[in-house]
Protein chains: 2
Amino acid sequence: MELTKTRNASPSSREKILDVAEARFSQRGFAGVGLRQVADAAGLGKSSLFHHFRSKAALYLAVLDRVLERIDARLSTVLAGSGTHAERLDRVVESLVDAMVEHPTTPRLLLRALFEDDDLPEDAMPEAEAFEARLASLVQRLQQLIQEGVAAGAFRAASAAHTLQTLIGAVVYHFASGEFGEGLMGGPLFSAEAVRRRKLEIVTFIHHGLLPGAPTEGEGS
Amino acid sequence: MELTKTRNASPSSREKILDVAEARFSQRGFAGVGLRQVADAAGLGKSSLFHHFRSKAALYLAVLDRVLERIDARLSTVLAGSGTHAERLDRVVESLVDAMVEHPTTPRLLLRALFEDDDLPEDAMPEAEAFEARLASLVQRLQQLIQEGVAAGAFRAASAAHTLQTLIGAVVYHFASGEFGEGLMGGPLFSAEAVRRRKLEIVTFIHHGLLPGAPTEGEGS
DNA sequence: GTCTATACTACGATAGAC
DNA sequence: GTCTATCGTAGTATAGAC
C-alpha cells in the first residue's frame, strides 16, 4: 500500500537504531538518553545516526510513532469488529493490555508521550505531527465508542473523556509502574498470570462502573 | 514536634531552591533539568546549591519528599477520620485530588516518582530512603482501608493492590496529563469546575465499581 | 552508509576567595 | 553562605574522508 517497502529481509540499520532507542527512551526518557549509548548499543558510530534521523528529537518521535502504530493496528481491528458496545469496550481493554505486554517498552513510552508536554527542541515539527495525528485519530474513535454506548443506553451517562482518562490510567499507568507496581502487586507485572488478572480486574471494574443495571460478568467468552 | 524549626519568617534560600526545583523537575524530569537553570531562577550562583544539597540527586529527592509529605498530611487526617469504609474512601479520593490541585506540580512529580525506576546516580541513598519509607507507609495504610472494607463486606472482593493502581491512575495520571488531557477534556484540568467534575466522576466510578449492591451516590454530604 | 575528527555548548561538581 | 574560576566529562551536531 506504500511506495517504500516496509518489510525487510534482515533488520536494517534504521530498525536496529529504532529498537535500541526504544529500549533506552522507555527507561530514561528523552533527556536521559545520550546518542552515544544508542549508537554503541546499535553497533554504529555516533555520527551514523544522523544519516537515518535528522536529530535526536526526530529519532524520539519516530520511536513514539512506531509504538503508537502497533497500538493502532490492534485497536483498529477491535473497533471495527462486531458485538455490543460493552463487548467491544471489553475487547478494547484487552487489546490495549496486549499491546502493553507485547513490547514492555510501550507503556512507559506512551505514558511519557501523554503527560510530558513538549520538552522537545521545537525543530522536529513534521515528525511530531505524524504522531499527534495518529493519536488524535485513535482517541477520537475510542471516544466515539463510549459516546455511542451512552447514547444507546449500554453505558450510564458518563463523560467519554473522563472515562477514557480513567481507562488510560488503569491500563497504561499500571504497566508503566515498574518497581513500584511490582512491590505493590507482590510480583511481576508482565507474567501471563498477572496480565490475565489485570484484564479481569479492569473489565470487572468497568462493568460495575459503566453499566447501568445488572452485572454482565457472567456473560460469554 | 521537631527539634529543628520548620516555620520560617521569610523563605530561606533552601526553600527558594526547593520551590524552583520543584517547578522545573515537574516539567522536565530529573535528567531534563540543569542546575544552572535552577540556580538562576532562584537568584543564586550555581555553586551555592551545593551548600544546601549534596548533589543534584539529593535535591531531586528533597523535592519529592516534600511533595509526598504534603500528600501524607492530607491523607493521614482523612484515614484517621470516622465514617464507613466507603465514606472514608470517597474522602481519600477527594483529598488526593485536592493535593494534586493545591500544587499543580504534584501530579507530574508523583507520577514520575512512581513509574521512573532509579535513573538516579546511585549516590543519594540516604535521602532516597526517606522518600521510599514515606511512600511505603502511605501505600500500606491505603491498602489497609480497602482490605478492611472488603473484609467488612463494604466493598466487593477486589484486590487492594489492583484497586489502588486504578485509583492512582484515575487521579494522578489524569492531573498529570497536561496538554493531552486538556485537549481531551476540552478545557483546563485545574479549574474549580473541572476539579469538582473529576472528583464526582471518580467517586461515581468507584461506587459502581467497588460497592456490591445498591448505588450509594445519593447519600449524605 | 559508515567512519574519524572536531566544534561548541552544557553538564555536575569542586576549590578557594570573601 | 555566596561568589568566581575551573576541572573533566558528555551532550548534539557537522565536516569530510573512505
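To find a chain, count down the sequence lines: A is the first, B the second, and so on, and within it residues start at 1. Hydrogens, waters and symmetry mates are skipped; everything else that's a heavy atom, side chains included, is used. Since this is a predicted model, take the numbers as computed values, not measurements.
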(message) Can you measure A:Arg28 atom CZ to D:dA10 atom C1' for me and round it to whole angstrom units?
(response) 15 Å

(message) In whole Å, I'd like the distance from the CG atom of A:Leu44 to the C1' atom of C:dT2.
(response) 8 Å

(request) Output yes when a side-chain donor or acceptor of A:Ser191 lies under 3.5 Å from a complementary backbone atom of A:Ala194, and no otherwise. (result) yes

(message) If I take atom NE2 from residue A:His162 and atom NE2 from residue B:His174, how far apart are they, to the nearest 0.5 angstrom?
(response) 6.0 Å

(request) Ignoring the backbone of B:His52, work out which of C:dG12, D:dT2, D:dA13 is nearest its side chain. (result) D:dT2

(message) So for A:Ser47 and C:dA5, does any side-chain atom that can act as donor or acceptor lie under 3.5 Å from a complementary atom in the base?
(response) yes

(message) So if I take every side-chain heavy atom of B:Lys46 and compare against D:dT12, C:dA13, C:dT2, which nucleotide ends up nearest?
(response) C:dA13

(request) Return the value, rounded to whole Å, for the distance between atom CG of A:Leu35 and atom P of D:dT14. (result) 12 Å

(message) Below the 4.0 Å mark, does D:dG1 have OP1 or OP2 next to a side-chain nitrogen or oxygen of B:Ser48?
(response) no

(request) Mind checking A:Val33 for me? I need base, sugar-phosphate or nothing, with any heavy atom below 4.0 Å counting as a touch. (result) sugar-phosphate

(request) Count the heavy atoms of every other residue, nucleotide or ligand shown that sit under 6.0 Å from CZ of A:Arg70, and state whether that count exceeds 12. (result) yes

(request) Quickly work out the A:Phe30 CZ to D:dG11 P distance and round it to whole Å. (result) 13 Å

(message) Measuring to OP1 and OP2 of D:dC3, would you say a side-chain N or O of B:His51 lies under 4.0 angstrom away?
(response) no

(request) Run through A:Gln140, A:Arg141, A:Arg134 and flag the one making a side-chain hydrogen bond (donor to acceptor under 3.5 Å, both in side chains) with A:Ser137. (result) A:Arg141

(request) Return the value, rounded to whole Å, for the distance between atom CG of A:Leu49 and atom P of C:dC3. (result) 9 Å

(request) Report yes if a side-chain nitrogen or oxygen of A:Gln37 is closer than 4.0 Å to either non-bridging phosphate oxygen (OP1 or OP2) of D:dG11; otherwise report no. (result) yes

(message) Rounded to whole Å, how long is the line connecting atom CZ of B:Phe53 with atom P of D:dG1?
(response) 12 Å

(request) Using whole Å, report how far NZ of B:Lys56 lies from P of C:dT14. (result) 15 Å

(message) How many whole angstroms separate atom CZ of B:Arg54 from atom P of C:dT14?
(response) 10 Å

(message) Among C:dT14, D:dT2, C:dC11, which nucleotide has an atom closest to any side-chain atom of B:Arg36?
(response) C:dC11

(request) Go through the steps for B:Lys199 and B:Asp90 under the test salt bridge (Lys or Arg N to Asp or Glu O under 4.0 Å), then give the verdict. (result) CA-CA 9 Å; B:Lys199 283 182 185 174; B:Asp90 288 354; over 6 Å; no

